[in-house]
Amino acid sequence: MTFGKGCHLHLIDGSAFIFRAYHALPPLTRKSDGLPIGAVAGFCNMLWGQLTQNRGRTGPTHIAVVFDYSSKTFRDDIYDKYKANRPELPEDLRPQFPLTREATRAFNVACLEMEGYEADDIIATLARRATEAGGEVTIISSDKDLMQLVGNGVVMFDAMKNRTIDRDEVIEKFGVPPERVVDVQSLAGDSVDNVPGAPGIGIKTAALLINEYGDLETLLSRAEEIKQPKRRAALIENADLIRVSKRLVTLDAQAPVTESLDALEVRDPEAEPLMAFLSQMEFRTLTRRVAEALKIEPPVMADNSLTPDHAEKAADDPAPASTPVPFSHGDYECVRDRAALDRWIAAIREAGHVAVDTETTSLDEMRAALVGISLSVVPGQACYIPLGHRQGGDLFAGDALSDGQMPLDEALAALKPVLEDASILKIGQNMKYDWKIFARHGIRIAPFDDTMLMSYAMHAGLHNHGMDGLSERYLGHKPIEIKSLLGSGKSAITFDRVPVDDAVKYAAEDADVTLRLWQAFKPDLHRAAVTTVYETLERPLVPVLAEMEMAGIRVDPNVLSRMSNAFAQKMAGLEAEIHEIAGQPFNVGSPKQLGEILFDAMGVPGGEKGKTGAYSTGADVLEDIAANTDLGRPADLAARVLDWRQVSKLKSTYTDALQGHINPDTGRVHTSYSIAGANTGRLASTDPNLQNIPVRTEEGRRIREAFVAGPGMRLVSLDYSQIELRILAHVADIPALKQAFRDGIDIHAMTASQMFGVPLDEMTPEVRRRAKAINFGVIYGISGFGLARNLRIPRAEAQAFIDTYFERFPGIREYMDRTVAFAKDKGFVQTLFGRKIHTPEINAKGPTAGFARRAAINAPIQGAAADIIRRAMIRMPDAIRGLPATMLLQVHDELLFEVEDGAVEDLITAARKTMEGAAHPAVHLDVPLIADSGQGANWAEAH
DNA sequence: TGCGTCACG
DNA sequence: GACGTACGTGACGCAC
């Protein structure tokens, strides 16, 4: 086929693919010999995705992957410092480059590179030829240097974000259309590629200038007319450098590319060389996916996925567990009687492990009824035991159990010995859920593994750890979505109404997937060196949290209801006043309407619109307006809206919503903690969130009066004092801070004294407040801007404080630099206890880099604090055994207990000892950990 | 469903 | 005068 109209050329920026793959994935190695292949694996996955995703209307007729030949190009002759700033290639990436070429050829895709030219030039040349021939072009890349090519039949596609970049996107990014992009780039320069540009001119200013003068040459020739002296000088003095920059950034669309467009026609991969390559790389999942797509048998690969003691067993198994087995829903068994269940139990005992999953009527484990159980022992083989399915459709038969189900009690009685057998490993995905369901039926699952927590230990920061996502990512298989069975929204049904035949496919598949994930993760856990984290900080927390959640906390609905009424009255009063001041009624709860009232109707100056075009009406904005008495009425209005908002928040989120969360059976509120939700190792509390119950204002704190102890009981709270600052003092090794903590001195006052030279006994609250803000700022990866805003002081002043701080405590800056360098090098940071938090964006450019940098600085501190309280919680059941006390809640640095009246002091002694000693023996901190305590009839008193 | 807002550590 | 900026969460109401 001759390339022409109707043809569609896809040009893949191969180098960009490699770098993205390298940074997006953990450092994977080939299992047989340790060769680093993470980038190759990612590259192959992305390439395969491109080849399979877009077949059809928008799919390519022609395709090529384009690489950079070497770092030396004609641009080095134009400007000797071009790309001189580029960091060294990571050690483990270099050997992967030739492999990506090999991979491209193995997929039977044209692989282009040319000495003396960058990949971008080849892309520019081919794109030009293709559009001249009447065809269309999609460039698979998000590199801004390619954006000059967009338009006239050329678009770009960001494969990571799954987003097309067209003319509008380019204008959004550069402020000018594609044909003017080089002009802007020439002016702004590029620190990454070391394109000089004009000093002090960035993209924003460059776009402004180009839009005003039309193009770069006109601008340079009329530079004298520029009003701002600095800009004028920058352009006049650097005109030559700017012209050099233009030659650097302009892509060469006339590169002597020898391949014809016709040679790039899409070809089906040849099975044999492709399979050979993939199995040589030991990409098990991708090999299987490709084999499935090509409808051929996957090659048998070396078995690396089983633990040693199971490997032997598998060796004489005709179908070893790790050979990729296709997912086949028809092979799943529906277990309807005791004989069938006994066969499964025998298979489980034989294997020594089983993947388990439960199906229930609700996500709320405390109210959920068990509907069925699925099991899997060997990949591809799984069963579902329906236990609580009900007749659908018939209104009168609506509550009757469907036929052909074992009695629930009989099935559980048969499974209990297996689920509690110390020699049989139970494997689950989010086992806390199933653990609670079984616990409510008198079964305590042990021992177990949890694939969600394995993923969390290995991949925190890279992606979420839900089963469907993990399956797609690591097994290349998209499981049946629960939505397809239950529907969504108002018409959603519960699982007991799902026809058993459909339930079998869905539920058994979940057990199958869980088992396969376990097999994939088990060896990797060790390779990633997070086995200890998984075994000491994640897995043992499951039963502890399950017990806490099941215990719940008593909440008095009468207290809440009275407060709701009072809040409603107060809101109505405020609303009337607000409407009165505004001169018209409007929805006070609508930021949009409020903004229009304040800034348009009432004419308050300085309204700022956000990205949606609405005025910002956040608390800080309203506070400024309320404090500005010159404004008159708008100040009154803002002050009342602030009051209204506070009350409205308390009512809707707390006093109203909490009442609905009281379990009618227990009279208590049962939150759910997600172990793998927060990247840093913190827990997150949901349904309801009991980690954000108000405390900072007097009115809000009264909500805690509704959280009460049972009759004859007290609530006891213990919280770590300044735990994050103590960890900072330790990890950054700051002698003055460490000594202050040892001496039990007020740490913020000490900081203030050191910074401002004020003796401790002359400290004023204001000076101390500033030091406190800086101490916290450090933990968050401080910036002058952020501190200035927090303290409401000029930015220069805030920056001066920070400079002084770093002078007084130079170790802090060293810690920050060290941490960021570590993150850039390894792609993750680590806590004292070995927890890894990945930082995939740390090498990004633009504002993202700032976020990633600060997150990387904060994560080891926040994460270590999270590790410490996890360790305390895991030990707590043993530490308080025998005391009439229950651990109820965790709020990041606080543990809340319910304890019988007479045992309060014993509980405090035992819990304090456990919390203060929680780092031992894994880590010896140079600073003491201190836990303060309080007690009372309700949470407000105890805190 | 995304955004703005605000509750907590 | 480049950009936009404290870290980590979850729930609510509005507007689409």
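What you see below is based on every heavy atom in this structure, not just the backbone, and it leaves out hydrogens, waters and symmetry mates.
- When heavy atoms are screened at a 4.0 angstrom cut-off, Ser648(A) is found touching no nucleic acid atom at all.
- In this structure, Ala657(A) reaches the sugar-phosphate backbone alone: every heavy-atom distance under 4.0 Å involves primed, P, OP1 or OP2 atoms, never a base.
- A salt bridge is absent between Asp620(A) and Arg789(A); no separation between the charged side-chain nitrogens and carboxylate oxygens falls under 4.0 Å.
- The residue Ile693(A) sits close only to the backbone: its heavy atoms come under 4.0 Å of sugar-phosphate atoms, none of a base.
- The ring-ring contact (aromatic ring centres under 6.0 Å, His included) test applied to Phe822(A) returns Phe828(A), not counting sequence neighbours.
- Ranked by how close their nearest DNA chain C nucleotide is to the 5' end, Gln593(A) and Tyr654(A) are led by Tyr654(A).
- Listed by first residue number, the stems of DNA chain C with at least three Watson-Crick or G-U pairs below 3.5 Å are B:1-9 with C:7-15.
- OP1 or OP2 of dC14(C) has not a single side-chain nitrogen or oxygen of Lys592(A) nearer than 4.0 Å.
- One N or O on the side chain of Asn938(A) and one on the backbone of Ala940(A) form a donor-acceptor pair closer than 3.5 Å.
- In this view, Phe801(A) and Phe756(A) satisfy the ring-ring contact (aromatic ring centres under 6.0 Å, His included) rule, not counting sequence neighbours.
- Closest to the side chain of Lys649(A), from the set dG13(C), dC16(C), dG10(C), is dG10(C).
- For DNA chain C, the residues of residues 682-690 of chain A within the heavy-atom distance limit of 4.0 Å (strictly under) are Arg682(A), Ala684(A), Ser685(A), Thr686(A), Asp687(A), Asn689(A), sorted by number.
- From the 5' end on, the contacts that DNA chain B makes with chain A at under 4.0 Å to a non-hydrogen atom open and close at dC3(B) to dG9(B).
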Under 3.5 Å, N/O pairs linking protein and nucleotides 2-6 of chain C:
from   : atom 1 : to        : atom 2 : distance (Å)
dA2(C) : OP2    : Gly200(A) : O      : 3.3
dT5(C) : O4     : Arg795(A) : NH1    : 3.2
dT5(C) : O4     : Arg795(A) : NH2    : 3.4
dA6(C) : OP1    : Arg789(A) : NH2    : 2.8
dA6(C) : OP2    : Arg789(A) : NH1    : 3.1
dA6(C) : OP2    : Arg789(A) : NH2    : 2.4
dA6(C) : O5'    : Arg789(A) : NH2    : 3.1
dA6(C) : O3'    : Arg854(A) : NE     : 3.0
dA6(C) : N6     : Ala773(A) : O      : 3.2
dA6(C) : N1     : Ala773(A) : O      : 3.4

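- At the heavy-atom level, Arg231(A) lies nowhere under 4.0 Å from the strands shown.
- The residue Ala619(A) sits close only to the backbone: its heavy atoms come under 4.0 Å of sugar-phosphate atoms, none of a base.
- The distance from atom CG of Leu725(A) to atom C1' of dC7(C) is 13 Å, rounded to the nearest whole Å.
- No engagement by Lys845(A) is indicated, since no non-hydrogen atom pair under 4.0 Å with the nucleic acid exists.
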